[in-house]
Protein chains: 2
Amino acid sequence: MDERKQRILQAIVQDYIESAEPVGSRTIARRHDLGVSPATIRNEMADLEMLGYLEHIHTSSGRIPSSKGYRFYVDDLLPSKPLDEEEKALIDKWYMERVRRIDEVFQETARIISHVTKNVSLVLAPQMTQAAFRCLQFLPLDDRRAIAVLMTDAGFIENKIVDMPDGAAFEDFQRMALVINGCLAGHTLDAISPAVMKNIREEIGDESLFEAAQEVIHRSLDTGKHERLYLGGTSEILSQPEFHDVEKVKEILLMFEEEQLLKDILHAHLGEGLKVTIGKENEVRGMQDCSLMTATYHLDGELLGTIAVLGPTRMEYGKAMTLLNYMNGHLADVVKKFRW
Amino acid sequence: MDERKQRILQAIVQDYIESAEPVGSRTIARRHDLGVSPATIRNEMADLEMLGYLEHIHTSSGRIPSSKGYRFYVDDLLPSKPLDEEEKALIDKWYMERVRRIDEVFQETARIISHVTKNVSLVLAPQMTQAAFRCLQFLPLDDRRAIAVLMTDAGFIENKIVDMPDGAAFEDFQRMALVINGCLAGHTLDAISPAVMKNIREEIGDESLFEAAQEVIHRSLDTGKHERLYLGGTSEILSQPEFHDVEKVKEILLMFEEEQLLKDILHAHLGEGLKVTIGKENEVRGMQDCSLMTATYHLDGELLGTIAVLGPTRMEYGKAMTLLNYMNGHLADVVKKFRW
DNA sequence: CGTTAGCACTCAACGTGATGGAGTGCTAAC
DNA sequence: GTTAGCACTCCATCACGTTGAGTGCTAACG
């Protein structure tokens, strides 16, 4: 793969991303100053096709990049492009004006991403399982039930109704809360070990109360895992010519409805930094014509969640990458403003 | 509008709903046993068009119903069709198997509606503003803040961080809670009158504490108003031939993204029982080719929320109506199971 | 030996015209 | 009032020729 081939591949991918039409040797020669004639480019293109970087619908149509072609482009040929100052300002203004509560941060983040990239955006809101336990408190509800309120370090609160075992009084629950708070403080919710549980058991003493505690912890964590996904710009894909086919759109909308599936996908990419999955590299049916770019964001070293751009394989990788990188850093600052 | 005209109109609407193609006099004569020849039907159709119930793309295409035609059909000609026992069983099973927590009820309700009607469904989850106040409790957070936990009769819980005024101790807040609980019990959240507030003021005595109370009530209610909307079956509209045009689909998807708009629409129909808005009767741009059927559901006489079906004007009104009526009654039972 | 011009060939896209079918509207007969 | 008959309209479809973009190959060039 000599330099000229790379430049030609780059030119083809860029032109195709822009025009959405198969690109021919003549166009490349005209638009990019490669110093060679269309005939030479044709020869190189034939080579690139042989190597698997380009595809051909039929003789006499131009070439389009294959998944492998895009992959090479993304990994080695992507021109770095800093974000417009203008766009940065827009983003700041957007957050300033529209976000009032912490849960609006993610909704608006999704909006911004889809607005800037003209693609679908996905934002997986911070996950309590990754957050550190802060405290658990009980409120009396009636003589058989109490409300458990769980707080994490990152400042999220969840609540849950719990049954009190026969014979237990609300005071027992308050004592239980003290024990649990003492033992669990600082632990992340998904790393509560048997050892810690044993500790709690010993401190509580009473067996039936410990069972209740177990139940409470279990159910509280269950709520905590209930992470939220925000989707933005779903209508944007319709602007892309490759999705003028209603069948394809339907497949994608169907995928959007399967929230759990999307969450799982984003989950799988958690903690991997910025990652691009191109076309057929995606295993999920319906995403084979798409590329997914994901990034995970942190707050003081603590993993928070995932933001992603979903578009056609023909998406503007450079722009999306720049944006995600920017949002990545920025999001922590915005969240911090709402932290206590 | 004599009886024969009505029967012909009914036949045309039904056939058009089924086939999505303009219907001609011959088809009507063949498929419906009206005892008259196509020529007679043609004459009647010309009359119906004159009266505004039918439309005509060009000479020599069949007729399609106008908004007025659908309106008459829905109001006067709709054959009542009870729900299949089979479908009822399916719905029960669905709720049984998939719903574990109260907030999943609405998600699944949306799924069921879109699955049965093959259209988009909307479910506005119970609104705390309409719910009766049950109690408010505080939990200490640090020395300047507390967590306010608000509960309603219908069993929904919301929480919110509140600042404590300088000099106020957590004990003051607990006293405040007692007063507020005493005064507000049983009131619906959107009907807290100045008189009640005055009462609270007198009982609290301390002025700066009352201001804090006001702030707390205000902010808690603010959270309470934060109702949720569930959307289901968005991909279903793509199956309808009238939405094979990508531009139209785009307009609708765009509308789906404007959650607040949808909430407002459903809100406007709150408490009106079952209501159908047909085609151009809709004021919202993008919904002019659609019909919206809404119904509000109750729990022990208390208004809970709205369920709706959104489809092309050509939707199966009879089926949608039957289903919404059934869900209407059923939903209360399902919610009741999670009530305490 | 790499590069280039030239040329034949391929294929999609487009416009054109012919054809058929579904449906209407009108008129005259029943 | 109802119906059969008929001329007319319009859409959908297909076949057909044309055009233009693009390739692949070959032979000439520096």
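Below, all heavy atoms of this structure are taken into account, side chains as well, without hydrogens, waters or symmetry copies. First the proteins, then the strands, lettered A, B, ... as listed; each starts at 1. Keep in mind it's a predicted model, so treat the numbers as computed, not measured.
Residues B:M321 and B:V276 have side chains in contact (heavy-atom distance under 4.5 Å, counting atoms from C-beta outward). Side-chain atoms of A:M255 and A:L261, non-hydrogen and from C-beta on, do get closer than 4.5 Å to each other.
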Using a cutoff of under 3.5 Å, can you pull out all pairs of nitrogen or oxygen atoms linking the protein to nucleotides 13-18 of chain D, with atom names and distances?
none

Enumerate all atom pairs, one protein N or O and one N or O from nucleotides 28-30 of chain C, separated by less than 3.5 Å.
none

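The phosphate of D:dG22 (OP1 or OP2) has no side-chain N or O of A:S25 nearer than 4.0 angstrom.
Rounded to an integer number of Å, the gap from B:L48 CG to C:dT24 C1' is 15 Å. Between the CZ atom of B:R4 and the C1' atom of D:dT3 there is a distance of 12 Å, rounded to whole Å. Computed from coordinates, the B:L54 CG to C:dT24 C1' distance equals 14 Å when rounded to whole Å. The interatomic distance linking B:I41 (CD1) with D:dT3 (C1') rounds to 12 Å, in whole Å. One can place CZ of A:R26 at 11 Å from P of D:dT23, the figure rounded to the nearest angstrom. Atom CG of A:D2 and atom C1' of C:dC1 are 15 Å apart (whole Å). Taking atom CD1 on A:I57 and atom P on C:dA13, their separation rounds to 11 Å, with Å as the unit. With rounding to whole Å, A:I12 atom CD1 is found 12 Å from D:dG22 atom P.
In a base pair of the Watson-Crick type (N1 to N3 plus N6-O4 or O6-N4) or a G-U wobble (N1-O2 and O6-N3), with each distance short of 3.5 Å, C:dC30 is matched with D:dG1. Base pairing analysis places D:dA12 opposite C:dT19; the two distances defining the Watson-Crick or G-U wobble pair are each below 3.5 Å. Using Watson-Crick or G-U wobble geometry with both donor-acceptor distances under 3.5 Å, C:dA13 finds its partner in D:dT18. Using Watson-Crick or G-U wobble geometry with both donor-acceptor distances under 3.5 Å, C:dT4 finds its partner in D:dA27.
Counting only N and O atoms by type, the side chains of B:Y317 and B:S291 include a donor and acceptor under 3.5 Å apart. With 3.5 Å as the limit, one finds a donor-acceptor pair spanning the side chains of B:K250 and A:S239. Inspection of the B:E257 and A:T234 side chains reveals an N or O donor paired with an N or O acceptor under 3.5 Å. In this model, no donor atom of one side chain and acceptor atom of the other lie less than 3.5 Å apart for B:D2 and B:Q6.
B:S66 and B:G52 get closest at one heavy-atom pair: OG-O, 2.6 Å. Across B:V13 and B:P65, no two heavy atoms sit closer than the pair CG2-CG, 3.8 Å.
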| query | Which letters describe nucleotides 24-30 of chain D, given B = protein heavy atom under 4.0 Å from base, S = only from sugar-phosphate, - = neither? | reply | B------
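The aromatic rings of B:Y70 and B:Y16 sit tilted relative to each other, their planes meeting at an angle between 30° and 60°.
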| said: Assess the residue pair A:I8 and A:I41 against the criterion (side chain to side chain contact (heavy atoms under 4.5 Å, CB included)); give the C-alpha distance rounded to whole Å, side-chain angles, the decisive distance to 0.1 Å, and a yes or no. | reply: CA-CA 7 Å; A:I8 290 176; A:I41 295 176; 4.3 Å; yes
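Counting heavy-atom neighbours within 6.0 Å of A:R26 CZ, excluding the residue itself, gives a total of 12 or less. Within 6.0 Å of NZ in A:K88 there are more than 12 heavy atoms belonging to other residues, nucleotides or ligands.
Residue B:S60 places a side-chain atom within donor-acceptor reach of the base of D:dT9, judged by atom type and a 3.5 Å distance cut-off alone.
Contact annotation for B:S61: backbone-only contact, meaning every heavy-atom pair under 4.0 Å involves sugar-phosphate atoms and none involves a base.
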